[in-house]
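Data first, discussion second: the structure below is written as structure tokens.
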Amino acid sequence: MKKEVSKSPVKDMTSGSPVKLILGFAIPMLLGMLFQQFYSMVDTVIVGRCLGVDALASVGSTGAINFMVNGFVIGICSGFAIPVAQRFGAKDYKDMRRFVANAGWLSVIFAVIMTSVISLLTWNILGWMHTPENIIQGAYNYILFIFLGIPATFLYNMLAGIIRSLGDSRTPVYFLVLSSALNIGLDLFFILVVGTGVEGAAYATVISQAVSGMLCFLYMKKKFQILRMEKDELRFSWNHGKILCSMGIPMGLQYSITAIGSVIIQTAINSLGSVAVASVAAAQKVTMLFCCPFDALGGTMATYAGQNVGAKKLDRIQQGVKSATWLGIGYSLIAFVVLYTAGGIFPMLFVDASQTVVIRQAHQYMICESMFYILLTFVNVWRFTIQGLGYSSFAVLAGVCEMVGRGLVGFAVVPVFGFAAVGFASPLAWLLADCFLVPAFHHCIRKLRAQMKDPESEGSGWLQKLNKEGLA
């Protein structure tokens, strides 16, 4: 078995300094996310500068529904990677390969169903969100092709999640950087040369993501000998499929339920007009860039917790949570200072300096959110750790808390106070989620310690019992 592991670019996170491991794993992920957000910003810059404020608002108005659908895909794929990380930590490589194969089968099924249903409902969804008439056609042209690219989203995120679950956070970044450069080139080609309009940005995104996914597949096939499968390991298994769904669907629902709150907020913003939509679109591109470290810490803790729970090292998990939380708090303070003092410069990347209302409102939004980034640290670190432990259903409840927070602001506060209230929607969502997640984490640790004392949980019984709880 040792020989099998040594020939693959994997990393065991069950021994060594938690801080060093977390930083070593998170930094490559962070670089990839930053580059991904960078090319997403370039998309927006090209659309806003070349096609105008209405085109910028068209793309921006789809952000919430885009997050709700593709967030579900990302969540499912992240959940599929958890049993893989757990079996890797437990050194049960044969069962690990079965989970990888079944994750592939399930991804195909989900991709076909979601693409068919959501594409048919796209226009109706934009209407339900009260998308302004002057931008709804552009919004439809853009988001429809994004949804037709759901299989490409599954391909990249499922394979990248498996690679990361084995401790390799660098390789997906390399492919992401390459596809990001391709995305920028295709943006310029479709919008400036071909003249496709806003849908050209969608073409570029889907094509580049498909390329990135295919590169992940070819790399796994060539380099990961630990994933070389025999025929019996390739067959679909109902038992493995149920366990994967018990991990993936709750995580996908967590993203989607959270996004329902974002849809409510986007609907409230849409009612304020296309200038407000453009202001938030520009601000969110900047804040998403600044939030990448929180996402990297969260993704790291999912893998870290998954491997260590497989190895039955709960003390290391608690040490890791503490270290990651302090790292996030330190970064939160730096991010707030930067956005408060220099945040007014960033919106001018997307619109002309004469658009003073858009620039002022975008800066206001960024200040409101960044004041509460410490709350976001706890949301990402503690939630993803809980998911890595195998209690994915708690993610749904955390998502409900976030939905309630954003829903309250969208339904009750924005209609009264207008744009000034928009920036407080996410902080309230984070606060409510934290009130649930912190005690939930300690509850999970107590349950796991009790299971460790059970004689029936020796060997593979440990993970089997844990996964059965996930199905309950």
Side-chain angles (χ1 to χ4, degrees), residues 44 53 56-68 71 126 128-132 135 139 255-291 294 332 335-341 343-344 346-347 350-351 355-379 398-436:
T44 310
V53 173
L56 175 62
S58 296
V59 175
S61 68
T62 66
I65 186 64
N66 191 0
F67 175 65
M68 185 170 72
L126 293 172
W128 298 333
M129 292 177 64
H130 303 296
T131 305
I135 63 174
Y255 277 92
S256 293
I257 290 172
T258 299
I260 290 174
S262 299
V263 170
I264 295 171
I265 282 293
Q266 186 64 57
T267 303
I269 295 168
N270 290 346
S271 69
L272 300 176
S274 58
V275 172
V277 175
S279 300
V280 174
Q284 286 181 338
K285 288 298 180 182
V286 178
T287 57
M288 287 173 68
L289 186 70
F290 275 80
C291 286
F294 304 115
S332 299
F336 170 69
V337 171
V338 173
L339 287 173
Y340 182 83
T341 57
F346 297 119
F350 310 103
V351 296
Q355 299 287 337
T356 55
V357 176
V358 173
I359 294 169
R360 175 178 54 81
Q361 290 186 154
H363 190 201
Q364 176 186 335
Y365 179 94
M366 288 185 278
I367 291 173
C368 291
E369 275 207 357
S370 62
M371 288 171 60
F372 300 95
Y373 275 169
I374 290 176
L375 297 176
L376 181 57
T377 295
F378 281 84
V379 170
V400 170
C401 293
E402 291 195 61
M403 179 188 69
V404 169
R406 291 189 176 92
L408 284 173
V409 175
F411 281 128
V413 185
V414 172
V416 177
F417 296 98
F419 190 88
V422 173
F424 291 98
S426 289
L428 179 59
W430 301 333
L431 176 62
L432 295 179
D434 287 340
C435 290
F436 169 77

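Basis for what follows: all heavy atoms, side chains included, without hydrogens, waters or symmetry-related copies. All figures in this text were calculated on a predicted structure; none of them were measured in a lab.
In this structure, Gln364 and Ala420 approach most closely via the heavy-atom pair NE2-CA, 3.2 Å. Nearest approach of Ser279 to Val357, heavy atoms of both residues: OG-O, 4.2 Å. The minimum heavy-atom distance linking Ala421 with Phe417 is given by the pair CB-CB, 4.1 Å. Here the shortest heavy-atom pairing between Ala433 and Val379 reads CB-CG2, 4.1 Å. Across Gly410 and Ala268, no two heavy atoms sit closer than the pair O-CB, 3.7 Å. Of all heavy-atom pairs between Val409 and Pro415, the closest is O-CD, 4.2 Å.
With values rounded to the nearest 0.5 angstrom, Arg406 atom CZ is found 11.5 Å from Cys401 atom SG. Interatomic distance, CG of Leu289 versus CD of Gln284, reported as 13.5 Å (0.5 Å rounding). How far CG of Leu375 is from CD of Glu369: 11.5 Å, rounded to the nearest 0.5 Å. Interatomic distance, Trp128 CH2 to Leu126 CG, rounded to the nearest 0.5 Å: 10.0 Å. The distance from atom CE of Met371 to atom CZ of Phe424, rounded to the nearest 0.5 Å, is 6.0 Å. Separating the CG atom in Leu339 from the OH atom in Tyr365 is a distance of 12.0 Å, to the nearest 0.5 Å.
The backbone N or O of Phe346 lies less than 3.5 Å from no partner atom in the side chain of His363, so there is not a single donor-acceptor pair.
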Phe290/Ser370 under side chain to side chain contact (heavy atoms under 4.5 Å, CB included): CA gap, chis, key distance, verdict: CA-CA 9 Å; Phe290 275 80; Ser370 62; over 6 Å; no
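In this structure, the side chains of Gln361 and Pro347 stay at 4.5 Å or more apart for every pair of heavy atoms. Between Val414 and Val422, some side-chain heavy-atom pair lies under the 4.5 Å cut-off.
Ring geometry for Tyr373 against Trp430 counts as tilted: the plane angle lies between 30° and 60°, on a 0 to 90° scale.
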